[in-house]
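What follows is a short report on a single structure.
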Amino acid sequence: MFKYLFARSEDIPEGSAAVYFGFSAITWFVIGTGLGAFNAAKLAFPDFVTGLEFVSFGHMRQVHVHAVIFGWISMAFAMAMMYMTPALGNTKLWSEKLGIWNAFLWNVGLSLGLTLLWSGMTSGREYSDFPWFIDLYIATFMTIPLGINVWMTVIHRKTQGIYTTNWFFASAVFMVSIVFIVGNLPEWFHLTGLTEAYLTWWFAHNVLGLWITPVAAAIAYYTIPKVTGNPLYSHRIGHLHFWSVVVFYSTPAAHHLMSAPLPEWLKSFASVEGVLILVPAVAFVSNILLTMQGKWNMFVENLEIRFTVTGCLMAIPLNMQGGFQQTRAINWYIHGTGWIVAHAHLALLGFSTFLEAAAVYLGLQTLMKRKLYSLTLGNLHFWFLLIGFTTYWVSMTIAGLIQGAGKIYEVPYIDVVMAEHPYMIARWIGGSLVFTGNCFWLYNMWMTARAGTVIPEGRMAHELAYER
Amino acid sequence: MVNFREYKIGARFFGLALGGSMTITLFMPSFDLRNVNATEMALDKQLWAGHESGFSLDDPFLTGEHRPVRVTLKVDPKTGQPMAPTVAYVYPAGTPLPNGVDHPDNLGNIVEQLSRDKGRIGEATKSQGAVFLLSSEPQGDGSKQFYIENASATKGWNPEEVMKAAGDENTYHASYGKSIFVREGCWWCHTLLPEETQDWQVFGAPPMLGDFNGESPTAFGSDRKAPDILHVGSRNSSREWMMLHFFNPRLVQPHSIMPRFDYLWGPVDDKGQKIDFDKWRAEYNEYVDGKRVTPPEVPMYASNSDARALIDFVLSLK
Ligand code: HEM
Ligand code: HEM
């Protein structure tokens, strides 16, 4: 890949940037979940590797979160954009070279940022933990170049209209850049106090709502019709989904701070808007599931469809949970408990990861024109992820309910810690399964590149039989 | 390239939607948040915590450089005469000034007025350093209005004299300690925000609107796995307990899942002797296995160690 950094754009094979992003994403996924499992072990067994500053929980937690959000999720998104946007515009990526540089600088910046975070150099603001110069780097060398490539590809498309997936991609890359710049205002201008706290969550909320959620959904809008061959059930519902994400998901940031002394009107407003996020959620899930009509056999038979549909199904409990947990009636019980950690992983390790994994499987096979090396490893990956995640989610939800009860009945905190212990162990086991599954995946994809069956021109990967 | 009228309309609606949502979620709350007067708690906190506790160019690695200290004076730094214990916040030359002094409009109208006129905060400079006091003025209704007083201007106190008059045992490196709190990620488990709906009994009063002016970062925390510590200094003010607890939490609470922070002691103890961590851990393991009756002695931290600063910080959380 590095040899293309200085090649002429025309000399770079089509799809190189996407492949580069794809493999980087998987690698970060392995690293990120490895760190997650390590952190989980530390919460279960506090004396597991102790007495060293750089392996202490407080130094590693944010490294896990940023490795998975900016390494895995966002690079998988970039991969999907570099591959789907041109495919849907019946054209080539605007600039392969920009794409390659983008992926290269992304890896460099992220490695640097994570190293600094790891060393303890942090802004102390959750989700915007990176010091401001790294944020500036992310906006300048990561999100904005990605945005330019996506926008220019959409503008130079050879189709008349723009397909749903591309509206989402184009608007999300724009929104995430804005969110980065506005959400870091406290660091640019040293804003303090509640303004700082609120903007911290404004940033976190909008990265989730205007970047992760819409892009993950957009990916499914491509994967399902492409692999099943069914047309999207309804473009109208797609419109509803798009506009309700922009309008409703951009507003409820304050629901992350329901117990902070923010203005009451703001909290009530956020709470109402948060329930309205069910509109895009229902629109999305129904649109995808209805597109599956007549092709449900593929849910069993086809790996990409299985991943995507599982992810969509997880969006149902995720958004139901989200909508209810942020009302005042419920939030006071579960705020700040393991319940929220479970919700966060249902969102990112469940819903969004499953959709992206499908896109990376599909994209890498298509671009490299190689059939997946081993179905067995693919299946193992799926089940390790699903079982590992479910173990995680169930155990943390229970732990969260225990914590909530302990909180309102004013149980001495140490009793809560003791009651949570078995669930902490369960989470660690679940996390280790996820990590193991991802190691299989990296190997499988590597072998696909080297030894996968070549896909003949004009065919799709899933039309070929597996050889292993 | 084909352009549809629909896309032009769509783009405008998109701008309208996003702009509208930013107006409601950013612009409108700024009116509520702007004119809040800083409370006593906020003034105290921003004076001891200083300009910034997270990453900043003044202290990029969060090692406690360029930090103010909080001291309790028992003698007058000018005359040497005994006086009623007085808390002062000392900013040695080169220390970035607290937010309310840098940007007095963040204090809220009333506090800003008093701090400027009576407190003369406008005269404080980073290059010369300053000593601040948390002063108050009685109000008509019997309450007190707090403001920042620049004692370097009003009383002629200079930072070195004040530090000398206070002595090391009356000095709290709470600002340095807050950076350790941020750097070591204590806030991933310990929240700094008792919740409004419950928590009153156990963790103390939830903070109010004006309680954070000038603080950065607020480090509320979102995933509580340990007690809230916004008011911990009022519940437990024992240095001894804190020292054992940071070195190895399981010395005082066998079921705790808090990590050991023994590495914050640094290489040497208070007498400059090298700390033998391996020996300590081996002996501790023997104690855990029942081969020893008592755990090994915890070394006393050096007065310039991270551990000292962290304990000073925790004890300042009243
Ligand atoms: C109807 C939809 C949703 C609503 C109303 C909602 C609401 C909330 C609320 C209120 C919290 C904070 C709870 C607390 O701390 O008390 C939260 C946390 C979180 N949500 Fe959602 N959520 C929804 C869907 C999603 C989706 C789709 C994603 C991502 C794809 C997501 C990701 C997260 C994450 C990562 C957190 C953890 C934040 C933290 O660190 O505290 N949520 N959600
Ligand atoms: C091997 C699987 C994983 C394990 C064992 C794991 C473990 C953990 C642990 C222990 C925490 C700290 C929770 C706390 O502070 O209470 C955490 C936080 C977090 N992880 Fe993971 N994780 C895994 C995978 C992932 C993945 C794949 C993602 C996203 C794609 C992710 C996103 C997050 C986020 C957003 C948080 C912050 C949650 C919050 O603040 O509420 N994790 N994870």
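Excluded from the calculations below are hydrogen atoms, water molecules and symmetry mates; all remaining heavy atoms, backbone and side chain alike, are included.
Taking all atoms of both residues into account, the shortest heavy-atom contact from A:S56 to B:E184 is OG-OE1, 4.1 Å. Between A:V417 and B:K225, the closest heavy-atom pair is CG2-O, 4.1 Å. In terms of heavy-atom proximity, B:P217 sits nearest to A:G124 at CB-O, 3.6 Å. Across B:D223 and A:T337, no two heavy atoms sit closer than the pair OD1-O, 4.5 Å.
Between B:F14 and A:F174, the ring planes are tilted. Angles from 30° to 60° get that label. Using cut-offs of 30° and 60° for the angle between ring planes, the B:F13 and A:W243 rings count as perpendicular.
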Q.
Does A:L194 form a side-chain contact (heavy atoms from CB on, under 4.5 Å) with B:V36? I'd like the steps, not just the answer.
A. CA-CA 10 Å; A:L194 272 181; B:V36 179; over 6 Å; no

Q: Go through A:T192 and B:N213 one step at a time and tell me if the side-chain contact (heavy atoms from CB on, under 4.5 Å) criterion holds.
A: CA-CA 7 Å; A:T192 56; B:N213 292 25; over 6 Å; no

Q: In sequence, state the C-alpha distance, the side-chain angles, and the governing distance for B:Y263 and A:L52, and then conclude on side-chain contact (heavy atoms from CB on, under 4.5 Å).
A: CA-CA 7 Å; B:Y263 55 81; A:L52 291 166; 5.9 Å; no

**Q.** side-chain contact (heavy atoms from CB on, under 4.5 Å) evaluation trace for A:T195 with B:F212
**A.** CA-CA 9 Å; A:T195 313; B:F212 302 102; over 6 Å; no

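The distance from the CG atom of A:L262 to the CG atom of B:L209 is 8.0 Å, given to the nearest 0.5 Å. Rounded to the nearest 0.5 Å, atoms CD (A:E53) and CG (B:L264) are 6.5 Å apart. Rounded to the nearest 0.5 angstrom, B:D32 CG and A:Y198 OH are separated by 10.5 Å. Annotation: the span from B:F277 atom CZ to A:T50 atom OG1 amounts to 11.0 Å, rounded to 0.5 Å. A distance of 8.0 Å separates CG of B:N106 from CG of A:L191, quoted to the nearest 0.5 Å. Within the model, atoms CD of B:E195 and CD1 of A:I408 stand 11.5 Å from one another, a figure rounded to the nearest 0.5 Å.
Contact annotation for A:D129: only side-chain heavy atoms (C-beta onward) come within less than 4.5 Å of a heavy atom of chain B. Residue contact with chain A, scored on non-hydrogen atoms closer than 4.5 Å, involves the backbone and the side chain of B:Q201 alike. There is no contact between A:F48 and chain B, counting heavy-atom distances below 4.5 Å. With a 4.5 Å cut-off on non-hydrogen atoms, A:L185 does not touch chain B at all. Using a 4.5 Å cut-off between heavy atoms, A:Y333 makes no contact with chain B at all. With a 4.5 angstrom heavy-atom cutoff, A:R61 touches chain B only via side-chain atoms. Heavy atoms of B:P206 lying under 4.5 Å from chain A are absent altogether. Using a 4.5 Å cut-off between heavy atoms, B:K45 does not touch chain A at all. For a residue to count as touching a neighbouring chain, one of its non-hydrogen atoms must lie under 4.5 Å from one of that chain's; by this rule B:L62 touches chain A with the side chain only. For B:R281, the part lying under 4.5 angstrom from a heavy atom of chain A is the side chain only. Interface remark: B:L192 contributes no atoms to any contact with chain A (heavy atom separation under 4.5 Å). Of the two parts of A:V182, only the side chain, counted from C-beta on, holds a non-hydrogen atom closer than 4.5 Å to a non-hydrogen atom of chain B. No part of A:W339 comes within reach of chain B, as not one of its non-hydrogen atoms sits under 4.5 angstrom from that chain. For chain A, no part of B:H103 is nearby; none of its heavy atoms comes within less than 4.5 Å.
For the pair B:L33/A:P263, a side-chain contact is recorded, criterion being any heavy-atom separation below 4.5 Å from C-beta on. A:E187 is not listed as a side-chain neighbour of B:E52, based on a closest heavy-atom distance of 4.5 Å or more. Looking at B:F203 and A:K407, their side chains never come closer than 4.5 Å, going by heavy atoms from C-beta outward. The shortest side-chain heavy-atom distance between B:W188 and A:N39 does not fall under the 4.5 Å cut-off. When side chains are defined from C-beta on, A:K42 does not count as touching B:P259, because their heavy atoms never get closer than 4.5 Å. Side-chain contact between A:P46 and B:M258 is absent, with no heavy atoms from C-beta onward closer than 4.5 Å. Contact of the A:L266 side chain with the B:I24 side chain is not registered, since no non-hydrogen atoms from C-beta on lie closer than 4.5 Å.
In this structure a side-chain-to-backbone donor-acceptor pair under 3.5 Å is present from A:Q403 to B:R224. Counting only distance, with no hydrogens or angles, the side chain of A:Y413 and the backbone of B:D228 share no donor-acceptor pair below 3.5 Å. At least one donor-acceptor pair closer than 3.5 Å links the side chain of B:Y7 to the backbone N or O of A:I162.
When the options A:H335, A:E126, A:H256 are evaluated for a side chain to side chain donor-acceptor pair (under 3.5 Å) with B:S222, the one that passes is A:E126. Of the residues listed (B:D199, B:T191, B:L193), the one engaging A:S259 in a side chain to side chain contact (heavy atoms under 4.5 Å, CB included) is B:L193, and it is the only one.
Chain B forms more heavy-atom pairs under 4.5 Å with one residue of A:A344, A:A260, A:P186, A:A270 than with any other, namely A:A260. Contacts with chain B were tallied for A:I178, A:T251, A:I414; A:I414 has the most, counting heavy-atom pairs under 4.5 Å. For the options A:M175, A:K158, A:M60, A:E420, heavy-atom pairs under 4.5 Å to chain B are most numerous at A:M175. Of the listed residues (A:A44, A:P252, A:G89, A:A197), the one with the most heavy-atom contacts under 4.5 Å to chain B is A:A197. Taking A:S171, A:A399, A:A253, A:G120 one by one and counting their heavy-atom pairs under 4.5 Å with chain B, the maximum is reached by A:G120. Counting heavy-atom pairs closer than 4.5 Å to chain B, the top residue among A:E410, A:R328, A:H190, A:M424 is A:H190. With chain A as the partner, the residue from B:L18, B:L26, B:D102 showing the most heavy-atom pairs under 4.5 Å is B:L26. Of the residues considered (B:G214, B:A17, B:G54), B:G214 shows the highest number of contacts with chain A, using heavy-atom pairs under 4.5 Å.
Not less than 6.0 angstrom separates the ring centroid of B:H255 from the ring centroid of A:H421. Between B:F55 and A:F130, the gap from one ring centroid to the other reaches at least 6.0 Å.
Side-chain contact, A:W332 with B:E196: no donor N or O sits under 3.5 Å from an acceptor N or O. Looking only at atom types and distance, the side chain of A:S250 has a donor-acceptor partner in the side chain of B:S21 under 3.5 Å away. Residues A:E196 and B:T218 bring a donor and an acceptor atom of their side chains to less than 3.5 Å of each other.
Taking a 6.0 Å sphere around CH2 of A:W201, one finds it holds more than 12 heavy atoms contributed by other residues, nucleotides or ligands. Counting heavy-atom neighbours within 6.0 Å of B:F61 CZ, excluding the residue itself, gives a total of 12 or less.
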